[in-house]
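Just below is one structure, and these are the notes that go with it.
Side-chain atoms are counted along with the backbone in the values below, which use heavy atoms only and exclude waters and symmetry mates. So that the names make sense, note that chain A is the first sequence line, chain B the second, and so on, each numbered from 1. Since the structure is predicted, the reported quantities are computational estimates derived from the model, not experimental observations.
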Protein chains: 2
Amino acid sequence: MNGRTDRLTGDPLGDRAPGERADAARNRARVLAAARTLFADGDPRSVTMEDIARAAGVGRATLYRRYPDPASIAQALLDEHERDLQQRMMSGPPPLGPGAPPAERLAAFYAAMVDLLEQHLPLVLGAEVGPARFATGAYGFWRAHVRALLAQAAAPQVDALVDVLLAPLAPDVYQYQREQRRRTPEQIAAALRTLAAGVLDGG
Amino acid sequence: MNGRTDRLTGDPLGDRAPGERADAARNRARVLAAARTLFADGDPRSVTMEDIARAAGVGRATLYRRYPDPASIAQALLDEHERDLQQRMMSGPPPLGPGAPPAERLAAFYAAMVDLLEQHLPLVLGAEVGPARFATGAYGFWRAHVRALLAQAAAPQVDALVDVLLAPLAPDVYQYQREQRRRTPEQIAAALRTLAAGVLDGG
DNA sequence: CTAGCAAGTGGACGCGGCGTCCGAATGGGT
DNA sequence: ACCCATTCGGACGCCGCGTCCACTTGCTAG
């Protein structure tokens, strides 16, 4: 029918929803681009809706139409990366994907998460507002994954252990280790590998 | 020549600092009492300076004289409990105090922290504002303690493991497990015991 | 006992972000 | 070219913050 010309080739989250108006799509792209910049250079926790609106050249109500707060904008920017990781966990090559023993898969998951945190720390910090972290769909996914690995390895205390094992991946813990403790991503990943081995192999 | 020493550290309702005026002491007691109530029944994270001032029957500037924000008031209320725990860790009976093998002491520390969280969760949540948790003196103490235990047990990755092992004690992780996951303090403590054993005994 | 002074107090003020509302503009189908 | 639904964005009221300053209170020296 209507061959819609996709003129927004540089658009971060390219595709626009069916029936979305052209100006809406354009503004959404502007908002996301501006937000990405703002979160990246500055304190991600203190980015305000007004900041984003001004940087995007858009009214504040336009922002509120789609996003309730800065955190959800950061979340939108993170989504594609998280989805990608989820894909690799479900159907990628081992040890991250299926096929490796649970302890190795857990270690690989830790390594992948460290990678994600390292590459997008500002966004992750911006997306984390208090207990909101646990409410994300992503947390539920990590949770289900790790829980399955624990069950597969016949670990004790499966249900209670899951959140304990996910706790070190909290963004501010990572930030603290990187910036206050001057630890490298490799050191952090190594410690998490030790943890995975201790819980799933030893003990 | 009054050698007055302003103690900006709010100590809980008890004695008053030397040279502190009677009205100041009375107000400080009022403030702490009011704050304790407010943090306890309501969302600890949304307690505001104005709330506390109103509940205490005190002007806002009076609050700001001693405490920069609600979090530091919660911290003041927590201090005595944390000090007590620190005392038991340093010179109390084993397994929490010295004398037990590291793995058992770590498990005992976890149990004691779960106890503290369980009894004072509202205060702990109120005292935790973002990355402020790591800046607390208390965190440094827990950190040094766990680090010593790890070193004593000749664990690998000592420095990087410390913060990983402390992460599950983050107040919002605990709250999530209790309120969303409906887990009992015993279950949480058991999972942490498993963790301690896995890292220090096994692995 | 009184007077003086410094510490303590609290109401008022300006600032900035929040979230919403409504008149204006814009887009896309007819 | 028209029309209506959707979207836009400036403006508004609200609330909490943090500070300032004029007033009050407690302590102490004379």
Would you confirm whether [X], through its side chain, and [Y], through its main-chain N or O, come within 3.5 Å as a donor-acceptor pair?
X        : Y        : result
A:Arg45  : A:Gly126 : no
B:Gln187 : B:Thr184 : yes
B:Arg105 : B:Leu96  : yes
A:Arg181 : B:Asp159 : no

For [X] and [Y], work out which heavy atoms get closest and say how close.
X        : Y        : result
B:Leu123 : B:Ala74  : O-CB, 3.6 Å
A:Pro185 : A:Glu118 : CG-OE1, 3.4 Å
A:Asp163 : B:Val173 : O-CG1, 4.4 Å

[atom1] of [X] versus [atom2] of [N]: gap in Å, rounded?
X       : N      : atom1 : atom2 : result
B:Leu63 : D:dG16 : CG    : C1'   : 13 Å
B:Asn27 : C:dA7  : CG    : C1'   : 13 Å
B:Arg30 : C:dG8  : CZ    : C1'   : 14 Å
B:Arg26 : C:dG8  : CZ    : P     : 13 Å
A:Arg28 : D:dT7  : CZ    : C1'   : 14 Å
B:Tyr67 : D:dC17 : OH    : P     : 16 Å

- Query: What string of B, S and - do you get for nucleotides 11-18 of chain C 5' to 3' if you count protein non-hydrogen atoms under 4.0 Å?
  - Reply: BBB---SB
- Message: Pairing donors with acceptors under 3.5 angstrom, does anything connect the side chains of A:Glu82 and A:Gln75?
- Response: yes
- Note on the structure: Ordered by number, residues from residues 37-44 of chain B within less than 4.0 Å of DNA chain C (heavy atoms) are none
